[in-house]
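The block underneath contains the structure these notes are about, expressed in structure tokens.
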There are 2 protein chains.
Amino acid sequence: MTVSDSLKNDLTRLLGPEHVLNAPAQSPYNSDASRRRGLHGRADAVVLPGSAQEVAAVVRWCYAHDVAIVARGGGTGLTGGAVPTDGGVVLSLERVRAVRELEPGLWRMFVEAGVSTRDVQRLARENGLFFAPDPGASEQSQIGGNVATNAGGPHALKYGVTGAWVTGLEAVLAPGELVQVGGWARKDVAGYDIKSLLIGSEGTLGVITAVRLRLLPAREAQVALVVFVGTRAEGCAAMLSVPAAGMEVAAMDFADGETLAHLAGGYPGEVPDGAGFALLLEVDGTREQVEQQTDELRELLGGGALAIEQPQDAAALWRWRDGFNGVLSGVRGAKVSEDVSFPVERLQEGLERFEEIAARHGLSSCAFGHGGDGNVHATVLVDPADDAQLDRAQAVGAELFSLVGELGGSIAAEHGVGWLKRGLLTSQWDARAVQLHEQIKLAFDPKGLLNPGKKLARPPAAAS
Amino acid sequence: MTVSDSLKNDLTRLLGPEHVLNAPAQSPYNSDASRRRGLHGRADAVVLPGSAQEVAAVVRWCYAHDVAIVARGGGTGLTGGAVPTDGGVVLSLERVRAVRELEPGLWRMFVEAGVSTRDVQRLARENGLFFAPDPGASEQSQIGGNVATNAGGPHALKYGVTGAWVTGLEAVLAPGELVQVGGWARKDVAGYDIKSLLIGSEGTLGVITAVRLRLLPAREAQVALVVFVGTRAEGCAAMLSVPAAGMEVAAMDFADGETLAHLAGGYPGEVPDGAGFALLLEVDGTREQVEQQTDELRELLGGGALAIEQPQDAAALWRWRDGFNGVLSGVRGAKVSEDVSFPVERLQEGLERFEEIAARHGLSSCAFGHGGDGNVHATVLVDPADDAQLDRAQAVGAELFSLVGELGGSIAAEHGVGWLKRGLLTSQWDARAVQLHEQIKLAFDPKGLLNPGKKLARPPAAAS
């Protein structure tokens, strides 16, 4: 359907003229941070409601007029979840960003969806507390988007993903009702876990307007260690040896040899000769604990390592890590990176076979990610103007997803399903569990207007 | 419907004659541990399948023949979730109890539903690991039931409830298919969070046959402290002062003055004169951490306390705590205990007003629970032969649930909804969220045969 002038008139009456925008082809609201081929939509309008009530009013209007609604946070997504692939209204949460409640003594915060993840982290820190989730791009990304995708990050290893820190949600559900699920009660089994169903649903079941977050007291100390080894096999064995030794580290990321080769320039230190794999570890806790764990890690991993570095500035290390996407994109103009996970004991096999797949398709590959969680960003470097190369990259992705299914991993670890991975759940879940996705979607969104085409369990043609 | 002889013949053919039992009126399979008035069902048959495949076969047969299925774990429930209130087949998981996988180096365990919670804890401990959830009655209760009710316990304060430790489930879904949701991949956003929907669904959406559990390395040390204060107000203030001081304790239970009066006899130590409230605290971690935290707690709470005791045997303290239900039931022959939660800052108000409600109805009340989580077991002591008293106890419960709604708590914190609390969600959740429960139930269980009448969001007559 096309969105008529009356749509803009009506939405303008609801929100004021400055909060209803046109979306010309090049509008940033038509794409996300993935820069993947073809992943550019065309919104009929972009609306910027200023409150949860205005979000509900927009959803109500759209639902009554059969207009699709694509909720959007900071636009840092990598799978097209916020891209208006089929038109409709892009509903940006950027102005819905009040801090409704901050109770340091009770370790909690109630913030609206548009507050940036960085601001959530900062508010916690300024009050002696700690918000554990740390997905990339935290300056641009918004907490509502983090919850809607159940975002991860390096410290998910010890602290779990974003959803683990959400005790309640406010969301607009179809046909336009503002509801609360969960709250401040820390134990609550009164209903089905609809909160967890909304977390990670990527705007397909409702629009999250505010989140109740649980915080922790600030860690007294953190130490980062970078462990360089010669080979991938040594690196994967080292990663398994840490839990086997009973050590609970806060983060255990990795970069393979190809990744290191491209990223060595910006590394805040010295990459030793012959380094073919690196572990990025962080331990946290009291000063004594951190000192003790650092010693234990050096003892455990030192024998097989080319070097173990302890950056003075752990934050600089994580900034370097956060920059991998940008640098790797620059090598050949673009990259195609798939976010998958393997059971940790199959990680080495997964990495080896991914490399073989890419090589067979004549593409240069590299891999990095959150190794302790088995989470890999499996990457091929491509020339964005070379369509044949992009076709081959897509073929690599398809084989990778089959491999993930074979090894018992997940086709989507922390970046969501969005548009790029629609229809892939069939390689991972049983038929009855796949079917339930469509039934749940129908219960929440009978008209199919909430982020249509996204996070589909089956390809559209196959859905019953 | 009545279950015919052909039912028993068919089920006997599936499972063998020794695994299909009759359920005479006094069979333990007709009730649970709540001993609440009227909460006694009558199963048409009890079946004891020996494998997940046999569970699927039973569900398939029942679903094809329109026979209700009541899944049952250890029978330690307190809200009637496993009671066959409307007949049908009780499907006991007690024989489905293989340990399918135990990988100490990877901190994980794949166990079938019928393994006792105590055995899960023991297996972890014997392998240098730690399974954090610790609901009561762990010797009898089974891990499948714990997951199906999302059970809590004292240590949920630091470690979260049972569901937080489940990375994957195997379940039989209607009409009788064995499916896996989740797995060993530690990050997985490929589908909607159907795993969390099944957790806490109390057998109304599917029958859990096996669970994949995440473990932690064993804590090096634990210390329990009992802090006696004069009044409830002092006790509640003390409980709030702990997080406000930035201290993360593993458990913070409480017992009010009436509870203490009844329980003092079995306390492994000395209850000081004038004690009107007690906090049961536990700290854990490295030896140094535990020592430091113990000192800090003594410093923080010592000023206002009548006494702070440090039991030599923390396990004896928790055994005493685990015995509260039994002792309190013995005072007048029975008790009616409602498991609710309040936001922690409203706990004092909740406790005061509960006492007023009970007094207004002429009943003796007491309260204990997991104070750090705001989780109260609000109890009235009754004579089970006095129907008028039981009526008044029920009226107290109804007022308590309204109070919980008013204060932003939950009508069901950790014991489930079962049969006793069916229809109460309307006091807590918005209409649209309540309606979704019925739609979700319909998607999972179109014939309404899975534990019918349990965990209803609305009273049956009000459901659309």
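Convention: sequence-line order gives letters A, B, ...; per-chain numbering from 1.
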Requested in this report: Test D445(B) against T204(B) for side chain to side chain contact (heavy atoms under 4.5 Å, CB included), laying out the working first.
Outcome: CA-CA 8 Å; D445(B) 179 20; T204(B) 64; over 6 Å; no

Query raised in the report: Between N375(A), D339(A), N150(A), which is the residue that forms a side-chain hydrogen bond (donor to acceptor under 3.5 Å, both in side chains) with K187(B)?
Result: N375(A)

Query raised in the report: Just wondering, are more than 12 heavy atoms of other shown residues or ligands nearer than 6.0 Å to CD in E291(A)?
Result: no

Query raised in the report: How long is the gap from CD on E414(A) to CG on N146(A), to the nearest 0.5 Å?
Result: 10.5 Å

Report task. Start with the C-alpha distance between Q428(A) and D188(B), add both sets of side-chain angles, then the distance that settles side chain to side chain contact (heavy atoms under 4.5 Å, CB included), and finish with yes or no. Result -> CA-CA 11 Å; Q428(A) 188 173 325; D188(B) 184 1; 3.2 Å; yes

Report yes if the side chains of [X] and [Y] come closer than 4.5 Å at any heavy-atom pair, otherwise no.
X	Y	answer
Y192(B)	L205(A)	yes
I199(A)	L169(A)	yes
W184(B)	L106(B)	no

Heavy-atom distance under 4.5 Å to chain B: side chain of [X], backbone, both or neither?
X	value
E288(A)	side chain
V179(A)	both
E103(A)	neither
A433(A)	both
E248(A)	both
T149(A)	backbone
R346(A)	neither
Q180(A)	both

Report summary line: chain A shares the most heavy-atom pairs under 4.5 Å, among P104(B), A174(B), A171(B), with A174(B)

Report summary line: From the list D430(B), V242(B), V181(B), V189(B), the residue making the most non-hydrogen contacts under 4.5 Å with chain A is V189(B)

Report task. Begin from the C-alpha positions of E101(B) and R108(B) and carry the test side chain to side chain contact (heavy atoms under 4.5 Å, CB included) through to its verdict. Result -> CA-CA 8 Å; E101(B) 185 182 327; R108(B) 70 191 197 199; 3.1 Å; yes

Report summary line: Assert top hit (heavy-atom pairs under 4.5 Å, partner chain B, pool E177(A), K421(A), E345(A)) equals E345(A)

Query raised in the report: Who wins among K441(A), Q289(A), Q292(A), H415(A) for the most heavy-atom pairs under 4.5 Å with chain B?
Result: Q289(A)

Query raised in the report: Charged N to carboxylate O below 4.0 Å: is that the case for K455(B) and E202(B)?
Result: yes

Requested in this report: Salt-bridge test for E438(A) and R458(A): reply yes if a basic N is under 4.0 Å from a carboxylate O, no otherwise.
Outcome: yes

Query raised in the report: Do E220(B) and T286(B) have side-chain atoms, one donor and one acceptor, less than 3.5 Å apart?
Result: no

Report task. Spell out the residues in residues 153-160 of chain B that have some non-hydrogen atom less than 4.5 Å away from a non-hydrogen atom of chain A, in order of number; otherwise answer 'none'. Result -> G153(B), A156(B), L157(B)

